[in-house]
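Below is one structure; the comments refer to it alone.
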Amino acid sequence: MSDHIELVNARKRTAPSSPSLPVASSNWAESAWKEEPAGISLSSSGRGYDEANSGNDRVTGSSLSLSELSIKDQKNFFLLAFLYLLQGIPVGLAFGSIPFLLKSKLSYGQVGIFTLASYPYSLKLLWSPIVDAIYHPKFGRRKSWIVPIQLVSSILLIWLGSAVEPLLEEPEINLARITFLFFMLVFLAATQDIAVDGWALTLLSHESLSYASTAQTIGLNTGYFLSFTVFLAFNSPEFANKYFRTLPLDTGLVSLSGYLIFWGWVYLLMTALVGVFKNEGRMKGTSGSILDVYKSMYKVVSLKNVQSFILVHILAKVGFQANEAVTNLKLLEKGFSKEDLALTVLIDFPFEIVFGYYAAKWSTGRQPLKPWMQGFMGRLMCAVLAMLVVHMFPKIQPGESIGLGYLLVVIFVHVLGSFMSTVQFVSINAFHTQIADPAFGGTYMTTLNTISNLGGQWPRIIVLYAVDYFTMATCKNDVAPFSCTTDAAKKMCTTKGGVCEVIVDGYYITNWICIIIGSLIFFGWIKQKMEHLQRLPISSWRIAS
């Protein structure tokens with residue numbers, strides 16, 4: 001679940017004097033790096049490189065504390081944080097909670113189909129120039145997108161709240177519809193994200209710009225944390241019965257339907273407030289035409305070093321995909337309770353804040369990729385440890401506790417994986433910042449971050465299908481035995497009074513394949529290539545004018 005840390009581990013634009021905080025632990029983490037708005041020079045955001053000295057000197061941001069900001073900047077800071085929080089709500093559901101709710105009724109491969117709903121955050125580079133270039137001048141450059149996008153999102157959330165429960169009762173039949181609806185929610189959130197990123201550069205004064213990343217990190221972190229960790233906990237009947245009730249019930253404290261409707265109305269209220277009462281200031285600088293931005297993207301990806309770096313991004317996350325996509329689902333399948341899983345992630349949250357602080361400090365030297373490479377090896381090690389944890393799952397009867405000792409082991413391995421993921425995230429972000437050409441900063445960063453997101457998305461559906469493919473299970477009953485690999489076959493086996501016995505667990509095979517492939521790629525090519533890339537002069541990453 002450390003990559004779920006990785007949409008929420010939102011890309012930090014915090015100045016060196018204010019280290020970035022990571023987002024709540026989830027396999028989203030790197031999936032949701034926040035990019036500079038397309039066409040905006042990175043140097044204008046308060047963190048980047050001085051164009052006059054060819055990008056060799058780091059520009060530090062404001063050293064003011066939040067309480068020292070002007071009243072206007074403080075108000076705008078909290079506005080930004082809340083806008084980012086709203087983005088985290090649908091994303092936390094799509095990347096975290098819904099896959100867990102679906103797994104109780106679907107196979108791993110079918111859950112893999114639902115992961116397609118998360119792709120807009122990995123593809124928003126394709127339409128970010130449109131958001132940046134088309135707007136209504138009188139209404140406001142960013143409000144022209146934020147207001148209608150939030151309005152549509154609120155309507156969709158309220159409607160989905162009334163329709164989602166029946167859909168989830170038969171998820172196998174409704175899987176395509178469920179995937180499409182959450183795809184649209186994530187698409188709207190990703191589009192809003194582009195506009196809010198751009199607005200952040202003008203809402204805050206120049207000396208307060210470094211707080212744009214702070215608002216971004218706090219907002220996205222909180223929204224994702226609420227929709228994944230907190231929602232799953234309070235939606236779980238077991239969690240509610242164990243910690244809040246004296247008389248057990250078969251429902252949680254919060255239903256998915258009620259949660260969606262509540263946030264739909266919050267979206268609607270925020271849309272009205274922004275649309276009516278918030279005036280948008282003039283945009284600092286210009287992003288050029290849509291065609292100009294697409295041309296800049298083409299120039300970026302035409303650089304030989306960038307092409308090598310892109311290939312690293314596409315291949316780098318294969319090694320730990322099975323661990324981060326399947327391990328927690330496998331624990332639940334074996335009998336690990338949802339309330340214990342919720343507790344595990346809740347405990348992980350404060351550790352993530354500490355990890356983000358120190359990872360930022362380690363990644364500010366002349367070797368920003370050294371922590372990334374160490375984190376890579378650490379995540380491979382965590383994938384091996386995770387298999388041991390699953391293999392050692394205690395034999396318990398339904399309703400029995402797994403014991404404090406085993407729970408502590410799960411928490412330790414989870415926190416260790418989150419640490420390695422955060423180190424990688426912050427390190428690669430520091431390198432992106434270092435190599436971005438100030439003349440095309442926004443385009444450069446958007447290109448690299450979007451491809452990095454995609455590198456964590458494309459293997460996931462393959463990995464989930466592979467788990468089902470390699471799994472062999474037989475239903476032993478009084479009649480003729482049959483295969484019970486799929487969830488439908490397992491239910492049939494239980495109906496006939498049989499026991500579905502797993503002969504070969506595809507989780508272990510898939511995880512070992514990923515670890516071996518990841519190790520071969522890393523030690524055979526990636527490590528040497530990354531060491532070479534970080535030694536290159538800044539001029540090697542620049543676009544010829």
Side-chain angles (χ1 to χ4, degrees), residues 4 7-8 10 23-24 26 28 31-32 34 78-102 114 117-118 120-121 145-168 177-196 215-236 239-240 251-276 278 342 345-346 349:
H4 81 239
L7 175 209
V8 183
V23 207
S26 92
W28 181 49
S31 316
K34 308 307 299 166
F78 288 111
L79 171 62
L80 281 175
F82 200 80
L83 289 173
Y84 281 121
L85 182 150
L86 292 180
Q87 293 172 33
I89 296 301
V91 171
L93 291 170
F95 283 76
S97 295
I98 301 302
F100 276 90
L101 296 177
L102 291 176
F114 180 79
S118 64
Y121 255 95
W145 287 92
I146 293 172
V147 170
I149 287 294
Q150 287 192 172
L151 178 60
V152 175
S153 297
S154 67
I155 295 171
L156 182 55
L157 283 167
I158 293 171
W159 176 83
L160 189 57
S162 63
V164 69
E165 299 288 358
L167 292 176
L168 290 179
R177 184 178 299 178
I178 296 170
T179 302
F180 173 76
L181 290 172
F182 279 93
F183 178 94
M184 291 306 301
L185 273 178
V186 176
F187 172 79
L188 292 169
T191 306
Q192 180 195 10
D193 179 61
I194 299 167
V196 174
Q216 181 187 74
T217 302
I218 292 174
L220 276 169
N221 193 2
T222 304
Y224 189 85
F225 186 67
L226 287 173
S227 281
F228 182 49
T229 306
V230 175
F231 170 75
L232 270 188
F234 287 94
N235 180 252
S236 168
F239 185 84
T251 58
L253 296 174
V254 178
S255 68
L256 178 59
S257 176
Y259 188 81
L260 289 169
I261 293 174
F262 169 80
W263 282 107
W265 285 107
V266 173
Y267 259 81
L268 193 60
L269 176 62
M270 191 62 182
T271 302
L273 292 174
V274 171
V276 176
K278 186 62 183 176
V345 182
L346 284 169
F349 180 66

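Remember, predicted model here, so these are calculated numbers, not experimental data.
- Checked against side chain to side chain donor-acceptor pair (under 3.5 Å), S153 has no partners two or more places apart in sequence or in another chain.
- When each of I178, L260, I261, L256 is checked for a side-chain contact (heavy atoms from CB on, under 4.5 Å) with L160, only L260 meets the rule.
- Side-chain atoms of M184 and V152, non-hydrogen and from C-beta on, never get closer than 4.5 Å to each other.
- With S257 contributing its side chain and G161 its backbone, the two residues share a donor-acceptor pair below 3.5 Å.
- Taking all atoms of both residues into account, the shortest heavy-atom contact from E165 to S255 is OE2-CB, 4.1 Å.
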Taking it one step at a time, do F225 and T222 satisfy side chain to side chain contact (heavy atoms under 4.5 Å, CB included)? CA-CA 5 Å; F225 186 67; T222 304; 5.6 Å; no

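- Counting heavy atoms from C-beta outward, R177 and F180 have side chains that stay 4.5 Å or more apart.
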Identify each donor-acceptor pair in which a side-chain atom of residues 91-102 lies under 3.5 Å from a protein atom, sequence neighbours left out, and give them as a table.
residue : atom : partner : partner atom : Å
S97     : OG   : S227    : O            : 2.5

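- Counting only heavy atoms from C-beta outward, the side chains of F231 and I89 never approach each other to under 4.5 Å.
- The aromatic rings of F183 and F187 sit parallel to each other, their planes meeting at less than 30°, with 60° as the upper class boundary.
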Assess the residue pair V274 and F82 against the criterion (side chain to side chain contact (heavy atoms under 4.5 Å, CB included)); give the C-alpha distance rounded to whole Å, side-chain angles, the decisive distance to 0.1 Å, and a yes or no. CA-CA 11 Å; V274 171; F82 200 80; over 6 Å; no

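- Across all non-hydrogen atoms, the minimal contact from P120 to A190 is O-CB, 4.0 Å.
- In this structure, G275 and V147 approach most closely via the heavy-atom pair CA-CG2, 3.9 Å.
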Report the C-alpha distance between L226 and Y259 in whole Å, list the side-chain angles of each, state the deciding distance to 0.1 Å, and finish with yes or no for side chain to side chain contact (heavy atoms under 4.5 Å, CB included). CA-CA 10 Å; L226 287 173; Y259 188 81; 3.8 Å; yes

For W263 and L86, what are the C-alpha separation, side-chain angles and deciding distance, and is it a side chain to side chain contact (heavy atoms under 4.5 Å, CB included)? CA-CA 8 Å; W263 282 107; L86 292 180; 4.1 Å; yes

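- Note on ring orientation: taking the six-membered ring where Trp is involved, the planes of F182 and F114 are perpendicular (angle over 60°, cut-offs 30° and 60°).
- Considering all non-hydrogen atoms of both residues, T271 and L151 come closest at OG1-N, 3.8 Å.
- Considering all non-hydrogen atoms of both residues, Y267 and Q150 come closest at CD2-O, 3.7 Å.
- Contact between P166 and A163 at its shortest, heavy atoms only, is CD-O, 3.2 Å.
- Side-chain atoms of L181 and L167, non-hydrogen and from C-beta on, do get closer than 4.5 Å to each other.
- How far NZ of K278 is from CD1 of I146: 11.0 Å, rounded to the nearest 0.5 Å.
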